[in-house]
Amino acid sequence: MYFNSQGSDEVTYDAIVVGSGIAGGWAAKELTEKGLKTLMLERGRDVKHIEDYPTANMDVWEFPNNDRFTEEVLARDYEKQRRTGYTIRPSTKHWWPIDREHPYTETKPFDWHRGYHLGGRSLLWGRQSYRWSDLDFEANAKDGIAVDWPIRYKDIAKWYDHVEEHAGISGRKEGLSQLPDGKFLPPMEFNCLENHVADSISKNYNDRMMTIGRVANLTQAHKGRGKCMFRNRCIRGCPYGGYFSTQSSTLPPAMATGNLTVRPGSIVTNVIYDDATQKAKGVQIQDMESGETHEYFAKVVFLCASAFGSTWIMQNSKSERFPDGFGNDSGELGCNVMDHHFRTGAQGTTDMFADSYYKGRRPNGIYIPRFQNLNAASKKDYLRGFGYQGGGSRERWSKHIKEMDFGAEFKEIATQPGNWRFGINAFGECLPYHENKITLNESVKDIHGLPTLSMDVEWKENEYEMRKDMRIQAAEMLEKAGLKNVETYDRGCNPGLGIHEMGTARMGRDPKTSVLNGNNQVHACKNVYVTDGACMTSSACVNPSLTYMALTARAADHAVSELNKNNL
C-alpha cells in the first residue's frame with residue numbers, strides 16, 4: 001500500500017525501513033515475508049516500474065546536444081557532479097539531485113553521487129556482484145588495521161546463496177578461494193579478443209585468470225522478470241526487469257504480502273529514543289512537499305538510507321543519552337570512510353581479429369580477480385589488493401565499466417569499427433582510516449532547511465603505492481597477450497567517484513571501537529539495525545552491493561527471531 005505525502009492515520013508498525021535502495025528493498029522484502037507489518041520511508045519521489053522510466057526507449061539523437069548538457073546548465077545545477085560527468089546527462093537527469101538544492105562541503109575533494117527517489121541507486125548501479133571471502137573478513141585482524149570484523153564468510157555464505165537465488169546473478173564458477181563461487185545464472189560470453197586475452201593470461205601466469213563479470217543482469221527469464229536484452233541502457237531503468245532493482249525484484253514480493261506500506265517524500269530526520277526502555281520508539285520525518293513533521297513508531301527500525309544517509313540520520317539524532325549522535329558511544333560514527341580507487345590501468349590495440357565483430361551491447365565486461373598479497377609469494381610493499389574490470393571491443397573499451405564512461409578524451413575515441421581495443425581498469429581496496437570522515441554541517445542547509453554533510457576524505461600512501469602496481473601489472477598482461485600500442489594511464493579519482501562509500505557506522509566486536517555488533521544492531525540500542533554501506537568494517541576490492549544484500553537478509557532474519565523471543 002502506498003500513501004501520499006499528506007500522511008496516514010496509521011502511525012504504528014512492526015518495523016520501519018528507512019530507504020528503498022538495494023538494502024532497503026531487501027529489508028522490506030524479508031521483513032514483510034516473515035509477517036511484519038512494515039513501513040518503508042523514502043525521502044524522494046515515487047518511481048513506478050516501467051511507467052516511470054521516461055527515457056528507457058529513447059535514442060541518443062532524440063536528446064538535445066547529443067545527450068549532453070550545456071556548460072551553462074552544468075555550472076548552474078551540477079557544480080559538483082560536472083567534475084565527473086558520467087551520471088549527469090539529459091537522459092538521466094531525473095535520477096540525480098541538483099547540487100545547488102542539496103549542497104555539501106569538502107575539506108578535500110569528494111565526488112558524491114546520490115539518488116533521491118524510490119529505488120535509490122538500485123536503479124542506477126553498475127550491477128557487478130561479487131562475494132567476499134575470508135581473505136577480506138580477516139584482513140583487518142591479520143594486518144593490525146582498524147578493528148576486526150565480527151563475522152566471517154561462514155556466517156554470511158548461506159545469505160549470499162539466498163539473495164543470489166532471488167536477485168539473479170549471471171556468472172561462471174572458477175573455484176577461487178579469494179572470490180567464492182555463487183548461485184549463478186548462465187554467464188555472458190567473451191568476444192574473440194577477450195577469449196584471446198583470457199587464454200594468454202592462463203598460459204603466462206599460474207596466479208591469475210580472467211572471467212566474465214558476475215553481474216545482476218538476467219541471462220534467462222527469472223522470478224517473473226524478463227532476461228537482459230543487451231541494450232546497455234540500464235541506468236535509464238529497464239522495462240524488462242532485466243537487472244536487479246528494488247522496483248523489479250524486491251518490491252513486488254514485499255507488496256504481494258499485503259504487509260508493506262510505502263511513503264515516498266518522507267525525509268527521516270531523527271531516530272526517536274526512549275530513555276525509559278533504552279530502545280528506539282520510531283522515527284521522525286519531514287514531509288518533502290509540505291515541510292510538516294510526523295512521527296512513526298515500530299518495534300524495530302532498519303536504517304538503509306545509504307552509508308552517508310544513514311549516518312546523517314544518526315548524527316542528527318542527538319539526545320541527552322546520545323549527545324554526539326545516535327549510537328555514537330565509541331566516537332566512530334562518521335569515521336572510517338572508504339571507497340574504491342580506480343581509473344588506472346592499461347590499454348592496447350590489435351588487428352588480429354579484423355574480420356570479426358559481435359552483436360548487441362553487452363552490459364558487462366571481464367573481471368580479473370585479485371592476485372596480489374594472497375600469500376607469501378605475492379607479498380607486496382602495500383597492503384590488500386585490487387581486481388580489474390574492462391573488456392575488448394571495436395569501439396571504446398571503457399563502455400564495459402560504468403564508472404569509466406566519462407571525460408572528453410574517452411568521448412572523442414572513435415566508435416566506428418576499426419582495430420580492436422582492449423583495456424583493463426583496476427579497482428583497489430582503500431584502508432579504513434579513522435581520520436577519513438563525514439561530519440554534520442549545521443551552517444549549510446539544503447533546500448529543505450536541513451543540515452548537510454562535510455567531507456574530509458583522502459587517499460593515502462598505501463593507495464598510491466598500490467596504484468603503481470595496478471599500472472605495471474596491467475601493461476605486462478596486455479603485452480604478453482600480444483597487444484600493440486600498450487600504454488598505461490592514471491586519470492586519478494577523488495574518493496566518492498567509485499560510488500561505493502562505506503564504513504561510517506562500522507561493525508565490530510567492541511562497543512568502545514565500533515557502532516554496530518555482528519548482527520548489524522547498534523551496540524547501544526539493539527532494536528535499530530544498519531545494513532547499508534555504513535556498516536562495513538573494511539572495503540575489500542570488489543563491488544560491495546551483493547554483500548549489503550546478504551547482510552540485510554541476515555539481519556532481518558535475526559530481527560524477526562529476536563522479536564519472537566521478546567528480546568526487542
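Note that the structure is predicted; figures quoted are calculated from it, not measured. We use all heavy atoms of the structure for the numbers below, so side chains are in, but hydrogens, waters and symmetry mates are not.
Listed by first and then second residue, the side chain to side chain donor-acceptor pair (under 3.5 Å) pairs involving residues 317-327 are Arg321-Asp329 (not counting sequence neighbours). Annotation: salt bridge (Lys or Arg N to Asp or Glu O under 4.0 Å) contacts involving residues 330-341, sequence neighbours excluded, comprise Glu332-Arg506. Listed by first and then second residue, the salt bridge (Lys or Arg N to Asp or Glu O under 4.0 Å) pairs involving residues 105-114 are Lys80-Glu106, Arg83-Glu106, Arg83-Asp111, Lys108-Asp456 (not counting sequence neighbours).
A distance below 6.0 Å separates the ring centres of Phe308 and Phe110.
Looking at every heavy atom in both residues, Val528 comes nearest to Ala280 through CG2-CB, 3.5 Å. Nearest heavy-atom pair across Lys445 and Thr452 is C-CG2, 3.8 Å.
Under 3.5 Å, the side chains of Ser306 and Asp532 contain no donor-acceptor pair of N or O atoms. Remark: the Thr547 side chain and the Tyr130 side chain contain no N/O donor-acceptor pair separated by less than 3.5 Å.
Partners of Trp149 according to the ring-ring contact (aromatic ring centres under 6.0 Å, His included) rule, which considers only residues two or more places apart in sequence or in another chain, are Trp132, Phe137. By the side chain to side chain donor-acceptor pair (under 3.5 Å) test, Tyr243 pairs with no residue at all, sequence neighbours left out. Residues satisfying the salt bridge (charged side-chain N to carboxylate O under 4.0 Å, His left out) criterion with Glu429, sequence neighbours excluded, are Arg384.
Remark: Asp148 engages Arg152 in a salt bridge, criterion side-chain N to carboxylate O under 4.0 Å.
Here the OG-CG distance, from Ser266 to Leu41, works out to 5.0 Å after rounding to the nearest 0.5 Å. The structure places NE2 of His500 at 9.0 Å from CZ of Arg121, a figure rounded to the nearest 0.5 Å. Within the model, atoms CZ of Arg43 and CE of Met288 stand 9.0 Å from one another, a figure rounded to the nearest 0.5 Å. Here Glu165 contributes atom CD and Lys223 contributes atom NZ; the two are 7.5 Å apart, rounded to the nearest 0.5 Å. For the atom pair CE (Met40) and OG1 (Thr32), the distance works out to 8.5 Å, reported to the nearest 0.5 Å.
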Problem set entry | Chi angles and distances behind the ring-ring contact (aromatic ring centres under 6.0 Å, His included) call for Tyr13, Phe297 | CA-CA 6 Å; Tyr13 298 82; Phe297 304 98; over 10 Å; no
For this session: Quick one: do Arg131 and Asp161 satisfy salt bridge (Lys or Arg N to Asp or Glu O under 4.0 Å)? Show the steps, please.
Result: CA-CA 10 Å; Arg131 294 189 180 202; Asp161 288 352; 2.5 Å; yes
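Looking only at side-chain heavy atoms (C-beta outward), Lys526 and Val522 stay at 4.5 Å or farther from each other. A heavy-atom distance below 4.5 Å is found between the side chains of Leu450 and Ile267.
Few gaps surround NZ on Lys34; more than 12 heavy atoms of other groups in view lie less than 6.0 Å from it.
Ser249 places no side-chain N or O within donor-acceptor distance of the main-chain N or O of Thr246, the cut-off being under 3.5 Å. In terms of modelled atom types and a separation under 3.5 Å, the side chain of Lys279 and the main chain of Leu568 share a donor-acceptor contact.
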